[in-house]
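Reviewing the structure listed below.
No hydrogens, no waters, no symmetry mates; every other heavy atom, side chains included, goes into these values. Start at 1 and go down the list; that is how both ligands and their atoms are numbered. Numbers for residues simply follow the sequence, beginning at 1.
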Amino acid sequence: MDHPAPIDVATSDTDTWRARIMAKLTYQVGKSPITASERDWFVATALAVRDTMVDRWFDTTRSTYQTGAKRVYYLSLEFLIGRLLFDCIGNLGLLDPVRAALAAEGVNLDRIKEQEPDAALGNGGLGRLAACFMESMATLGIPAHGYGIRYEQGLFRQVVRDGVQEELPEDWLRFGNPWEFERPEVAYPIGFGGTVSGQTHPDGRTAYVWTPAETLSAIAYDTPVIGGETATGAGQHANTLRLWSARAGEPMHLDDFNRGDHVGAMRDRVRTEAVSRVLYPGDESDSGQELRLRQEFFFASASLQDLLRRHVEQFGNVATLPDKAAIQLNDTHPAIGVAELMRLLLDVHGVEWNEAWRITVATFGYTNHTLLPEALETWAVPLMERLLPRHMQIIYLLNGRHLEGVRISLGGATGPAADQLLRAASVIDERHGRRVRMGHLAFMGSHSINGVSALHTALMQQTVFADLNAIYPGRINNKTNGITFRRWLHRANPGLTRLIVDTIGPRMLHDPEALQDLRAHAADPAFQAAFARERQGRKDALAALIAERVGIAVDPHAMFDVQIKRIHLYKRQLLNVLHAVALYNAIRAEPTQDWAPRVKIFAGKAAPGYKLAKQVIRLAHDVAQVVNGDPSVAGRLKIVFLPNYNVSLAEQIIPAADLSEQISTAGMEASGTGNMKLALNGAVTIGTLDGANVEIRDRVGAANIFIFGMTAEQVAARTRRGLEAYEDVAASRALSQALQGIRSGVFSPGEPDRYEGLIADMLERDTFLVAADFESYLAQQRIVASTWQDPAAWWYKSVMNTAGVGWFSSDRTIREYADEIWGAKSTLGTSA
Ligand code: NBG
């Protein structure tokens with residue numbers, strides 16, 4: 001027998017589960033039920049559940065080998081996973097027996113769940129999307145590996161003291177990680193620096209040999225990713241998330257060690273292993289640090305070596321790589337992989353240049369996640385030459401051939417227009433010191449380049465990639481983002497899910513489009529009441545959490561007006577805070593009016609170096625301090641900032657949100673995914689026509705969403721005209737008053753000019769058009785308030801949102817990637 005008889009994964013027998021968990025507690029955690037802490041129970045439960053996944057995992061791997069199925073490789077510097085316990089138990093369909101087994105020991109599953117630290121290996125949308133995609137690929141039975149870095153420190157923990165964000169390390173591995181398997185034998189050498197030499201063979205071919213100055217090892221850690229419920233069962237397929245950790249190649253300087261200098265002998269180890277120590281905390285922007293480039297090459301190279309080894313072992317020949325492997329680049333972070341695959345094919349596998357390029361382009365796809373100029377990654381040529389000399393050579397050669405093609409397409413035309421096109425199309429940006437444009441490299445090296453919403457894809461074609469799109473037509477396509485409903489509805493909101501199943505049947509659990517059947521119930525008073533009751537339960541729970549975390553008492557029956565996401569000027573939390581100030585002024589001016597009671601809830605982290613974003617956090621706190629303490633608005637307005645936003649906190653806020661704020665400057669939010677999660681749980685959106693909001697409107701109906709503000713086209717026109725905001729401010733009494741209040745120190749009495757910088761930024765160049773959109777936002781917010789006061793109208797819209805967003809399931813998104821980009825097929829139902 002080559003492995004033990006499989007555990008009966010399908011069992012839902014409580015006693016069996018009780019025995020399994022007890023065995024783990026006793027023999028692996030080494031505790032008795034009397035001394036076991038909640039963490040010990042969590043670990044024992046996780047280990048018992050992991051055993052159940054392992055057999056599925058082996059089955060999947062075996063059948064992928066035996067059927068010769070095509071594999072998907074998802075390369076991402078970020079996986080924002082959160083907790084896995086409910087994901088795994090729920091996807092296996094075992095929540096009830098595991099809950100009952102623990103209860104029999106006097107242990108509460110919902111409490112031990114809190115013991116699991118969030119795996120926060122990402123900053124925001126891009127990283128969370130990668131986690132949803134991994135879960136959907138497993139559910140759909142598409143053979144896939146996620147590849148990333150096993151950061152020892154995830155995204156920083158945010159604490160807010162007197163309104164000021166501070167960053168603390170997030171040591172998520174402190175107590176170990178029960179989900180992963182360390183694979184010390186899976187190790188690849190990763191080189192940096194050194195020299196390249198060419199040797200000309202008798203046949204005239206030149207072979208290049210890169211001799212790195214420094215080599216470290218990438219060690220694999222594997223986590224099984226189990227699929228969820230489908231029409232034919234739960235937990236049927238398991239994929240692998242393989243994360244790399246850096247180890248110093250040579251253990252130590254032996255000469256130093258022999259001389260007795262034991263510390264000196266370890267000196268390089270710390271530096272080398274820093275590569276997988278910490279996640280860069282900037283979202284949408286890159287700090288251009290050498291360590292970041294080292295991280296990118298480290299994980300791209302390890303992943304490519306690993307997948308090439310697997311391919312050659314199974315299929316014998318690299319020429320068939322594009323038939324058997326699809327590699328998706330999640331943003332440009334792994335784009336150096338284009339040059340690394342070329343190097344491996346040319347220098348290691350001896351493939352000739354044109355054939356290597358054919359293989360590369362046919363294998364890679366690239367997803368773009370932002371158009372913000374500061375986020376388009378570039379690396380200084382001297383840095384690249386020093387760190388990756390062979391790759392820089394390859395990039396020059398690629399660029400030379402690419403520009404030659406452009407020249408030919410120009411049909412010999414010369415002059416300023418031709419020069420301009422060549423400069424724009426070049427992989428090397430010559431404008432501010434020579435820099436390698438990673439977006440260009442990813443574009444050239446991929447057969448598919450996709451945006452993440454219809455609007456974003458259209459803008460990609462018109463702006464950043466307009467030239468490359470003309471040179472390589474037909475490569476750009478759209479794949480509107482999605483979210484996994486299993487985490488974001490079924491597990492996060494079980495009460496609402498039960499109500500929906502009781503109303504329209506269980507098909508929606510594996511066929512999200514079936515949610516449309518709810519439309520027939522949207523106007524039914526009895527259903528509305530039941531829907532509202534379920535949501536009220538979650539609002540009561542969130543009110544309790546707010547009291548516990550920040551000590552603010554909120555009315556759980558007030559409208560919960562929620563903006564949760566990274567703090568960024570383009571996302572315009574400032575617009576929302578200014579609305580809070582305007583509302584505060586209005587309530588005080590007319591205290592006897594029938595105001596719709598509101599609680600404004602904010603959560604989100606600012607990049608540590610992003611000063612203006614941190615100012616916005618502080619302003620929200622200052623305004624909250626004054627508003628929450630003013631008895632003249634009591635019962636009508638409260639403002640809450642919940643610190644340390646992460647996946648687990650999102651799971652608690654989203655089911656309790658009434659109003660979803662998606663108010664970015666049109667054209668700037670590539671898609672958004674929080675917008676989808678909130679609408680799915682019945683929040684009504686107030687938003688601009690930006691990112692996926694446009695498609696949400698199309699699906700829930702324009703009458704069931706509150707749209708305001710300039711369109712992307714109007715933003716572009718206005719930006720060309722100039723961005724001064726003095727006139728817009730003068731035209732809005734509410735805005736002028738709000739700004740005047742802030743500037744006169746109403747909210748920062750000890751320091752009236754605390755927000756001068758923030759306000760000057762808006763008045764002098766309102767890049768994000770806060771002032772220009774303010775009146776239109778205010779007008780929609782008034783309509784929101786009056787709708788809230790008409791419960792039948794509100795609940796109708798709310799139900800229509802849940803009913804309308806089935807299309808935003810990441811299962812749908814992944815099917816589109818699989819069919820249209822990867823050519824990968826589900827193996828469900830194919831027995832090995
Ligand atoms: C983000 C965009 C979001 C989008 C996610 C996922 C980055 C760099 N970009 O709008 O801002 O939803 O990517 O595609 O995180």
Problem set entry | Considering all heavy atoms, the nearest Ala130-Glu78 contact |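 Heavy atoms only, the tightest pair is CB-O, 3.5 Å.
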
For this session: May I ask you to check whether Gln158 and Tyr645 show a side-chain donor-acceptor distance below 3.5 Å?
Result: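 On atom types as modelled, these side chains do not qualify, holding no pair under 3.5 Å.
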
Problem set entry | Selection residues 135-144 - residue pairs positive for salt bridge (charged side-chain N to carboxylate O under 4.0 Å, His left out), sequence neighbours left out |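 Pairs touching residues 135-144 that pass the test: Glu135-Arg486.
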
Exercise. Which salt bridge (charged side-chain N to carboxylate O under 4.0 Å, His left out) pairs, counting each pair once, include a residue from residues 686-699, with sequence neighbours left out?
Worked result: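 Pairs touching residues 686-699 that pass the test: none.
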
For this session: Using a strict cut-off of less than 4.0 Å between a Lys/Arg side-chain nitrogen and an Asp/Glu carboxylate oxygen, indicate whether Arg812 and Glu513 qualify as a salt bridge.
Result: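 The answer is no: the pair does not qualify as a salt bridge.
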
Output, or 'none' if empty, a list of ligand 1-protein atom pairs in which both atoms are N or O and the distance is under 3.5 Å, rounded to 0.1 Å.
{"unit_1": "ligand 1", "atom_1": "9 (N)", "unit_2": "His369", "atom_2": "O", "d": "3.1"}
{"unit_1": "ligand 1", "atom_1": "10 (O)", "unit_2": "Glu669", "atom_2": "OE2", "d": "2.6"}
{"unit_1": "ligand 1", "atom_1": "10 (O)", "unit_2": "Ala670", "atom_2": "N", "d": "3.3"}
{"unit_1": "ligand 1", "atom_1": "10 (O)", "unit_2": "Ser671", "atom_2": "N", "d": "3.0"}
{"unit_1": "ligand 1", "atom_1": "10 (O)", "unit_2": "Gly672", "atom_2": "N", "d": "3.0"}
{"unit_1": "ligand 1", "atom_1": "11 (O)", "unit_2": "Glu284", "atom_2": "OE2", "d": "2.7"}
{"unit_1": "ligand 1", "atom_1": "11 (O)", "unit_2": "Tyr570", "atom_2": "OH", "d": "3.3"}
{"unit_1": "ligand 1", "atom_1": "11 (O)", "unit_2": "Glu669", "atom_2": "OE2", "d": "3.0"}
{"unit_1": "ligand 1", "atom_1": "12 (O)", "unit_2": "Asn481", "atom_2": "OD1", "d": "3.3"}
{"unit_1": "ligand 1", "atom_1": "12 (O)", "unit_2": "Gly672", "atom_2": "N", "d": "2.8"}
{"unit_1": "ligand 1", "atom_1": "14 (O)", "unit_2": "His369", "atom_2": "ND1", "d": "2.6"}
{"unit_1": "ligand 1", "atom_1": "14 (O)", "unit_2": "Asn481", "atom_2": "OD1", "d": "2.8"}
{"unit_1": "ligand 1", "atom_1": "15 (O)", "unit_2": "Leu126", "atom_2": "N", "d": "3.4"}

Problem set entry | Partners passing side chain to side chain donor-acceptor pair (under 3.5 Å) against His440 (at least two apart in sequence or in another chain) |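 Once residues adjacent in sequence are excluded, His440 has no partner under the side chain to side chain donor-acceptor pair (under 3.5 Å) criterion.
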
